[in-house]
Amino acid sequence: MALFTRPRFQQAVKALTLLGLALFLYTRLADGTLFFYINQRFLAYTVFAVVAALLIAASYRPGAAQPAAQSHANLTLGGLLWVLLPIGLGLLFPPQPLGAAALGNRELTLTPSQRSVLPAAVRAAAQKSAAERTVLDWLHAFSASSDPAQEFAGQPVDVVGFVYHDPRLPEGKLLVNRFTVSCCVADASPVSLVVQWADAATLANDSWVQVQGVLQPGEFNGRPLPVVVARRVDRVEQPAQPYLYP
Amino acid sequence: MADMWVEESQLSTEEIPVSSEKLSDLARRRRLRVGLTLLLAAAALAAVFFNVWASGAGLLYLYQQAQTFVTIFLGIFVEAVPFLLAGSLVSGLIAVFVDQSAIDRYLPKSALPGALVGATLGVVFPVCECGVVPVVRRLYEKGLPLSIGVAFLLAAPVVNPIVILSTYSAFGWGSIFVGRVLFSFLIAVVVALLFSRARPDELLRPVVFRAHHDACCNAHSHSPPTHSARDPLPGVALLEQRLTRSFNLAGDDFLEMARFLVVGSLLAAAMQTVVPQSALLSVGQGPVVSVLVMQALAFILSVCSTVDAFLALAFAGTFTTGSVLAFLVFGPMVDIKSSLMFLSIFPRRAVAYLILLPLMLALLMGIGWNLNLGW
């Protein structure tokens with residue numbers, strides 16, 4: 001412990017901790033897995049964090065300055081472990097986007113409720129052709145209609161998402177889902193479409209699929225809504241950007 | 001979770017040991033603290049794992065829940081780190097470059113003007129609820145009057161250009177936009193006025209208080225202040241050395257506060273993994289319950305104030321206007337991670353007041369809004 005409180009040692013530990021944090025953020029940034037955690041629009045902030053952490057780490061180099069005299073400065077072993085915990089957990093669990101396991105305790109969004117959405121997003125969704133629409137675009141489009149089940153019947157659908165077997169669904173149906181993230185995964189909320197597919201049971205939760213089919217009137221949990229009657233369902237690679245941004 | 005909260009706050013408000021204490025006693029206390037810290041981390045994980053285990057699901061499901069927990073935890077942490085770093089850098093620069101006599105000269109000392117000025121300081125220092133904490137602590141050590149600091153701490157995460165802009169782009173010009181800025185300002189002022197009735201030594205952690213006291217109240221004494229508060233670096237004139245020192249101090253601040261951020265993010269992620277959101281949201285639509293639900297949600301989600309307006313938009317159609325407003329006003333002031341970070345400035349009792357007073361005031365505001373203006 002005496003070693004741990006020695007000023008030179010403290011300086012070195014602090015520098016290495018900040019360096020470790022910068023490195024951790026940088027590797028996540030470099031391989032794109034950073035966006036499993038936060039919305040793309042925060043990229044600049046993370047870049048800033050990497051630079052700032054490096055600058056501060058460099059300021060601890062030996063001989064650069066006297067060790068700080070103002071002393072809520074000393075880093076204890078416990079404090080150090082807390083700061084290293086995110087890096088430890090991040091290395092222990094390989095980066096993965098939220099999946100079916102997170103759907104269990106979240107409110108599914110698949111009925112066109114009266115929920116208000118950005119009018120601009122709804123307009124943008126309306127301008128896209130049916131084949132270009134994502135799961136989120138479809139929900140935006142539904143929300144603009146008073147009777148989407150009938151109004152959208154017959155329109156072609158081509159969406160990508162991950163599979164979730166909701167216990168409320170009968171056999172031969174599944175949900176195809178994406179998470180929307182406006183800030184970081186703490187505010188992730190799922191958007192889902194009901195898919196009717198004879199071999200639904202062969203697809204495991206969390207497998208990524210491309211669903212092509214046609215919308216038909218149907219229901220989920222007693223509420224009428226458009227259901228995708230699938231023509232074909234193909235397994236695909238998890239997209240580089242697994243979340244959608246509202 | 002409640003036990004953990006108490007334990008953690010005991011850990012973090014540890015007093016800087018008085019000189020009479022033996023060194024061996026110090027070492028023992030430090031070992032105890034490390035032990036408790038590890039135990040706490042284990043308990044946090046165990047709580048999550050047990051909850052899943054109890055639901056009778058298999059090992060794979062358990063692993064997936066743990067994965068979800070880690071992803072959410074890292075999400076909150078990674079999103080908050082840049083803001084905490086920025087706040088720490090500002091704090092370091094203030095420590096080295098701001099002469100404390102400037103604070104004496106330009107800022108009001110009495111309670112009401114102080115609170116009003118404090119609540120508008122965010123316009124000059126655009127910070128969110130993570131970045132504001134190191135800045136306020138540093139300013140207190142420079143002798144900032146208490147009421148200014150409290151008002152700044154509570155109001156700055158909303159009353160600043162970035163957040164005002166993001167609220168405007170989410171909700172447009174209207175009652176929610178005006179209400180958010182106005183009520184954040186008012187609640188911060190009221191809480192600051194209440195806090196100004198207390199003595200500084202009741203409200204600040206001993207280590208912060210000593211520096212605060214030296215800076216503000218020893219100005220005319222003959223004994224030299226212990227922290228050399230007048231000129232932070234008497235011998236050091238070179239800009240480069242001053243910058244290095246301010247970066248050093250920024251790093252110290254960051255590493256100390258990151259601990260609170262980590263614990264707060266862990267708690268928030270655990271709550272999100274364990275507590276079903278749908279249960280919370282289906283609880284109530286009434287004018288009173290809906291406000292409480294949205295406040296609880298704001299506290300648990302711990303989303304940064306710069307973006308929570310977009311999140312609140314999702315609830316605007318289904319929840320009462322008063323409750324959405326309470327989410328937007330209360331959330332930036334107090335949430336799991338920021339209230340843990342408050343512990344680096346204030347003792348536990350003061351932090352409890354800092355949580356409860358805004359909670360009550362925002363609740364009153366939300367209910368009043370619902371009853372008078374309809375929903």
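Because only heavy atoms are used, hydrogens play no part in the values below, and waters and symmetry mates are left out as well, while side chains stay in. Within every chain, numbering begins at 1; the chains are lettered A, B, ... in the order of the sequence lines, protein sequences first and strands thereafter.
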query: How many angstroms lie between CZ in Phe260(B) and CH2 in Trp82(A), if you round to the nearest 0.5 Å?
result: 11.0 Å
statement: CZ (Phe77(B)) and CD1 (Ile87(A)) are apart, to the nearest 0.5 Å, by 7.0 Å
statement: If you tally heavy-atom pairs under 4.5 Å between each of Ala258(B), Ser88(B), Ala86(B) and chain A, the highest tally belongs to Ala86(B)
field: Heavy-atom side-chain proximity of Val83(A) to Val262(B) below 4.5 angstrom
entry: no
statement: Okay, Leu34(A) and chain B: the region with an atom under 4.5 Å from a heavy atom over there is side chain
message: If you count heavy-atom pairs within less than 4.5 Å of chain B, which of Ala100(A), Ala49(A), Gly99(A), Ala15(A) leads?
response: Ala49(A)
query: Does Val78(B) reach the side chain of Cys184(A), with side-chain heavy atoms less than 4.5 Å apart?
result: no
query: Measuring heavy-atom distances to chain B, does Leu80(A) have an atom under 4.5 Å in its side chain, in its backbone, in both, or in neither?
result: neither
task: To the nearest 0.5 angstrom, please state how far the CG atom of Leu89(B) sits from the CG atom of Leu55(A).
output: 8.0 Å
- prompt: Short question: side chain of Tyr60(A), backbone of Asn248(B) - any donor-acceptor pair under 3.5 Å?
  reply: yes
message: Is it the case that the side chain of Gln67(B) and the backbone of Pro94(A) share a donor-acceptor pair, with hydrogens and angles ignored and the cut-off at 3.5 Å?
response: yes
message: Less than 4.5 Å to any heavy atom of chain B: does that hold for the side chain of Asp206(A), its backbone, both, or neither?
response: side chain
Minimum-distance pair of heavy atoms, taken over all atoms of Ile72(B) and Ala186(A): CG2-CA, 4.1 Å
- prompt: Quick one: does Thr71(B)'s side chain have a donor or acceptor within less than 3.5 Å of a partner on Val185(A)'s backbone?
  reply: no
- line: Of the listed Ile76(B), Leu255(B), Leu261(B), the one with the largest count of heavy-atom pairs under 4.5 Å with chain A is Leu255(B)
message: Quick one, Leu89(A) and Leu74(B) - any side-chain contact, counting heavy atoms below 4.5 Å?
response: no
- prompt: Which pair of heavy atoms, one from Ala52(A) and one from Leu85(B), lies closest together, and at what distance?
  reply: CB-CD1, 4.2 Å
field: Within-4.5 Å side-chain heavy-atom neighbours: Leu18(A) and Phe254(B)
entry: yes
field: Parallel, tilted or perpendicular: ring planes of Phe83(B) versus Phe42(A), cut at 30 and 60 degrees
entry: perpendicular
message: Return the CD to CG distance between Gln64(B) and Asn205(A), rounded to the nearest 0.5 Å.
response: 7.5 Å
query: With Ser59(A), which of Leu243(B), Thr244(B), Leu249(B) fulfils side-chain contact (heavy atoms from CB on, under 4.5 Å)?
result: Thr244(B)
query: Is the shortest heavy-atom distance from the side chain of Thr46(A) to the side chain of Val81(B) under 4.5 Å?
result: no
field: Sub-4.5 Å side-chain heavy-atom contact between Tyr63(B) and Phe93(A)
entry: yes
